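To start, the structure under review is shown below, and the notes come after it.
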Number of protein chains: 2
Amino acid sequence: MSDQSIIKQIIGKTVKAIRIKQGLSQEDLAHECNVDRSYISMIEVGRNEPSVTKIFELCKGLKIKPSDFFKLVEVEYAKLQEKDGESS
Amino acid sequence: MSDQSIIKQIIGKTVKAIRIKQGLSQEDLAHECNVDRSYISMIEVGRNEPSVTKIFELCKGLKIKPSDFFKLVEVEYAKLQEKDGESS
DNA sequence: TTGTAGACTTTAGTCGACA
DNA sequence: ATGTCGACTAAAGTCTACA
């Protein structure tokens, strides 16, 4: 229940953080990736969880390697797992 | 058109390769991740593209870090991009 | 042990318009 | 420059059963 929604929140925050750091607007990024601007917004806000394909495209626009992107996500995910107290 | 289907093929092959290496059956993995076995099959065959959330769960069962998983995917993806002749 | 089919519910993803 | 609503099409994801 928690897991399914946690990931998309993290992805959204991560995309936004990188986009800001690159000095891009949502529209800039949307244009780079050939998607609608509103879709970028949905992702960043955590309303939609982008598919891997989309994330690869986003990473192209964000000029970051997908594996590096997921490393960031992974770290945040691990943090939240601690809080929730997940015993592997 | 090509890109959208390439990724799921790569993900499928990658999941399968790791699963085999771990000596797990599809059913073992399905049980680890609390999903149906047929779903694992669909992924491996490249019929469905699992969401990031699902991939994180799969990685837990496969005992691999998501970022490492995506590194493998990324490498294969890069290879195919060469073949297709993607500039950038 | 794996692939697939079918039927179903939920969600991603596209787009235009408005706050 | 960003979030959201509404409506739509496509695809994910679940499950049972059969090759």
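Computed from a prediction, not measured in an experiment: that's the story for all the values here. Convention: sequence-line order gives letters A, B, ...; per-chain numbering from 1.
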Practice item. Identify, between B/S51 and B/D36, the residue whose nearest nucleotide on DNA chain D lies closer to the 5' end. Key: B/S51
Check your understanding: Would B/E74 and B/K71 pass as an ion pair if we require N to O under 4.0 Å?
Key -> no
Point to revise | Inter- and intrachain pairs under salt bridge (Lys or Arg N to Asp or Glu O under 4.0 Å), touching residues 35-48 of chain B, at least two apart | key: B/R19-B/E44
Check your understanding: Rounded to the nearest Å, what distance is computed from the CD atom of residue A/E27 to the P atom of nucleotide C/dC15?
Key -> 14 Å
Practice item. Could you tell me whether the phosphate oxygens of D/dA1, OP1 or OP2, come under 4.0 Å of any side-chain nitrogen or oxygen in A/R19? Key: no
Study note, to complete from the structure: From CD of A/Q22 across to P of D/dA1 the rounded distance in Å is 17 Å
Point to revise | Residue pair B/T14, B/E76: steps toward the side-chain hydrogen bond (donor to acceptor under 3.5 Å, both in side chains) verdict | key: CA-CA 9 Å; B/T14 307; B/E76 291 302 314; over 6 Å; no
Check your understanding: Picking from C/dT4, D/dT4, C/dT2, which would you name as closest to the side chain of A/S41?
Key -> D/dT4
Exercise for review: Could you check how far CZ of A/R47 sits from C1' of C/dT14, rounded to whole Å?
Suggested key: 13 Å
Check your understanding: Do the side-chain N or O atoms of A/K54 get closer than 4.0 angstrom to the phosphate oxygens (OP1, OP2) of D/dA10?
Key -> no
Practice item. For B/R37 and for A/R37, find the nucleotide of DNA chain C with the closest heavy atom, then tell me which residue's nucleotide is more 5'. Key: B/R37
Exercise for review: Applying salt bridge (Lys or Arg N to Asp or Glu O under 4.0 Å), name anything that partners B/E27, two or more places apart in sequence or on another chain.
Suggested key: none
Point to revise | side-chain N/O B/N48 vs D/dG13 OP1/OP2, d < 4.0 Å | key: no
Point to revise | Nearest-angstrom distance from the residue atom CD of B/E49 to P of D/dA12 | key: 6 Å
**Study point:** Length of the CE-C1' vector between B/M42 and D/dA12, whole Å
**Key:** 10 Å
Point to revise | Interatomic distance, B/Q26 CD vs C/dT4 C1' [rounded to whole Å] | key: 12 Å
Exercise for review: State whether B/K8 places a side-chain N or O below 4.0 Å from either non-bridging phosphate oxygen (OP1 or OP2) of D/dA12.
Suggested key: yes
Exercise for review: From the options C/dG13, C/dG3, D/dG3, select the nucleotide whose nearest atom is closest to the side chain of B/K16.
Suggested key: C/dG3
Review point. In whole angstroms, how far is the P atom of C/dT11 from the CD1 atom of A/I43?
Key: 17 Å
Review point. Could you state the interatomic distance from NZ (B/K54) to CD1 (B/I11), rounded to the nearest 0.5 Å?
Key: 14.0 Å
**Study point:** Nucleotide C/dA12, atom P - distance to CD1 of A/I7 in whole Å
**Key:** 13 Å
**Study point:** Phosphate OP1/OP2 of C/dT14: any A/Y39 side-chain N/O under 4.0 Å
**Key:** no
